[in-house]
Amino acid sequence: MKATLVIKGISNLITLKGENRPRVKDDLKDIGLIKNGVIALQGEKIIYVGEGELPPTITIDDSTIVVDGNGKTVTPGLVDSHTHLVHGGSREHELAMKLNGIPYLDILAAGGGIHSTVKATREASFGELYEKAKKSLDKMLEYGITTVEAKSGYGIDDFETEIKQLAVANKLNERHPVDVVSTFMGAHAIPKKYKMDSDKFVEIIIDEMLPEVAHRGLAKFCDVFCEDGVFSVDQSRRILMAARSHGLIPRIHADEIVSLGGAELAAEINCITADHLVAASDEGIKLMAKKGIIANLLPGTSFNLQTGKFARARKMVEEGVPIAISTDYNPGSCPTENIQLIMSFASLIMRLTPEEVITAVTINGAAALGLEREIGSLQVGKIGDIVIFDSPNLEYLIYHFGINHTDKVIKRGEVVFSKI
Ligand code: NIG
Ligand code: FE
C-alpha cells in the first residue's frame, strides 16, 4: 500500500485508540500514547499507526510527503463541538457593564446581549457574515480545530436571518478545510415581540421553522437555550421533541446560570449533549451518566462571565458522565477561537488532567457531533485529521497556556496549515 503522507519519529503520538464511542471515567485517561510513533495516510484515510518504522507493506515514493515528528506531540484533529460561529458585529461595549457587575441575564432582559447580536446579524449581508465567519474558521484551524459545530440563533423570529446563518455555515463547510456541522437554534432568546407570549414563539418554531429547516436539510442538530427568563424546561421539551420528529438531533444549553432542570430534561429526552451545566444538580448529573448524555463543558464562558462558577467536571467524571470540551465561541459570553486556551482552563480551573482534556476535545468531541466513527482518534480506516503540536509532550501543551502550539494541521490527509 502506498502512503501519500507519513509522519515519522513522533515523540508523543496520541492516538486515542479504542472503541468508537465516548470515553468515561478512567477510560478518559487512556489516550493510546505511542513513543517514537509513525502514522501513514493514503489520500484522506489513515492506513497505518504504530511505533518505530513503517512495515514493508506500506511503501513510500518521491511523491509521498514525509514529516519529521521529532520533539512533537501529535493528536487527532481537535473538535470544537459548540460554537456560535456565524454572527454579525461584536460586543466589546458589554465589557464595562460586566466590570460593573451587571449579570449576563440582566443585560439580555434589558434588550442587550444576544439581542444586540441579533440586530447586527440581521443587518449583515450573506457575504459579510461569510467573510467574518471564514476569518474565525481560519483562526480555529490554526489552533488545531478540524471540525466545528456552528449554531444559528441570531435571527430568532426573523427566520430569514436564521436561514442565512445556516446557509453561511453550510457554504463554509463546502469551501473551507474545516468541517462545519450546523445546528438550528431559533430558540436562542425570546424575541421582544413575544416577551408577553413566549409560547406563541415556541409554536412558530415548531410549526413553521423546524419543518422548513429539516425539509431543506439545513441542519443536523436543534438546540435550545433552556434558562430562567429564556425558554422553560417545558418549552424546551416541546421544541426538542418536535425537532426529533423532523429528524434533527436534540441538544441543549442547560443549567448555564440557574439550576432549572436542563440536565434532567437532556436525560429524559436523550439529547446527544447537554452543554454548560454550571448549575446542574446532583440528580441531573446522575441521570446524564445513566443515559450516557455527553456533558459539553465550556470553561471559557464561565471565565468570561466572571461569576466564579464552573461546571463540576470532576464530579461528572466520577459519576461516569462522558465529557466534551468546547470554546462556545460567540460574541457575548466567549469571544475566542483559541481552543488551546480553553483546554488549559479545563485543566487548571476545572481540574481535569491533560489526558482527560485531550480525550474531551477529540473522540468525545467527535461523539458530541455523532462523528465518532469517522474522526476523533488516529486509527486505521479513520479520516486523516491530525494536529502536530510543537510541544514535547501533552502536559506542556496544557501548562504553557494562552499561546498557539500548532506546528501543522492535516485535514483529510492534506497539510492545510503550517507554521512558517
Ligand atoms: O452559549 N447562553 C446562550 N448562548 C450563548 C451566548 C450567546 C451570546 O451571548 O451571544 C452561550 O453562552
Ligand atoms: Fe452556546
Side-chain angles (χ1 to χ4, degrees), residues 80-95 97-98 102-122 124 129 132-133 136 148-156 161-162 165 169 181-191 221-231 236 239 250-258 260 262 266 271-280 294-307 309-311 324-337 339 342 345 365 368-369:
D80 192 349
S81 56
H82 180 141
T83 87
H84 304 254
L85 172 72
V86 183
H87 58 262
S90 56
R91 306 232 291 273
E92 60 273 29
H93 58 273
E94 284 175 15
L95 181 59
M97 291 188 245
K98 215 182 275 171
I102 304 177
Y104 179 81
L105 287 179
D106 288 7
I107 299 175
L108 179 65
I114 292 174
H115 293 295
S116 72
T117 301
V118 165
K119 187 170 179 294
T121 308
R122 287 179 182 180
L129 288 180
K132 182 170 162 61
S136 283
V148 69
E149 183 254 15
K151 301 174 200 295
S152 68
Y154 292 119
I156 47 175
T161 300
E162 286 290 316
Q165 281 186 274
V181 185
S182 289
T183 297
F184 170 64
M185 198 178 178
H188 194 197
I190 309 287
F221 301 101
C222 177
D223 201 338
V224 175
F225 188 13
C226 179
E227 184 59 67
D228 195 24
V230 194
F231 294 89
S236 303
I239 292 168
R251 50 194 305 146
I252 182 168
H253 281 59
D255 302 321
E256 176 182 356
I257 296 157
V258 177
L260 213 62
C271 288
I272 187 164
T273 68
D275 304 41
H276 287 290
L277 300 169
V278 175
I294 298 170
N296 205 350
L297 307 179
L298 315 166
T301 306
S302 290
F303 167 79
N304 190 56
L305 290 184
Q306 298 189 309
T307 56
K309 291 181 192 141
F310 287 77
I325 293 165
S326 302
T327 60
D328 192 20
Y329 169 63
N330 75 75
S333 67
C334 199
T336 183
E337 294 92 344
I339 197 166
I342 304 301
F345 285 169
L369 296 181

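In listed order, ligands and their atoms are each counted from 1.
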Student: Considering non-hydrogen atoms only, spot the tightest contact between Ser236 and Ile252 and give its length.
Tutor: CB-CD1, 4.3 Å
Student: Tell me the closest heavy-atom pair linking Arg251 and Ser81, and the distance in Å.
Tutor: NH2-O, 2.8 Å
Student: Just to verify, which of Thr121, Asp328, Asp223 counts as forming a side chain to side chain donor-acceptor pair (under 3.5 Å) with His84?
Tutor: Asp328
Student: Go through His82 and His253 one step at a time and tell me if the side chain to side chain donor-acceptor pair (under 3.5 Å) criterion holds.
Tutor: CA-CA 10 Å; His82 180 141; His253 281 59; 3.0 Å; yes
Student: Check Ala169 against Ser182 and note the closest heavy-atom contact, atom names and distance.
Tutor: CB-OG, 3.4 Å
Student: To the nearest 0.5 angstrom, please state how far the OH atom of Tyr154 sits from the CD1 atom of Ile114.
Tutor: 6.0 Å
Student: For ligand 1, what are the residues with a heavy-atom contact below 4.0 Å?
Tutor: His82, His84, Arg91, Tyr104, Ile114, Tyr154, His188, Phe225, His253, Glu256, His276, Thr301, Asp328, Asn330, Gly332, Ser333
Student: Just checking, any donor-acceptor pair under 3.5 angstrom between side chains of Ser136 and Tyr329?
Tutor: yes
Student: His276 and Asp255: side-chain donor and acceptor closer than 3.5 Å?
Tutor: no
Student: Could you tell me whether the side chain of Gln165 and the main chain of His87 form a donor-acceptor pair under 3.5 Å?
Tutor: no
Student: Report the protein N/O/S neighbours of the Fe ion (ligand 2) that fall below 2.8 Å; do not count waters.
Tutor: His82 NE2, His84 NE2, His253 NE2, Asp328 OD1
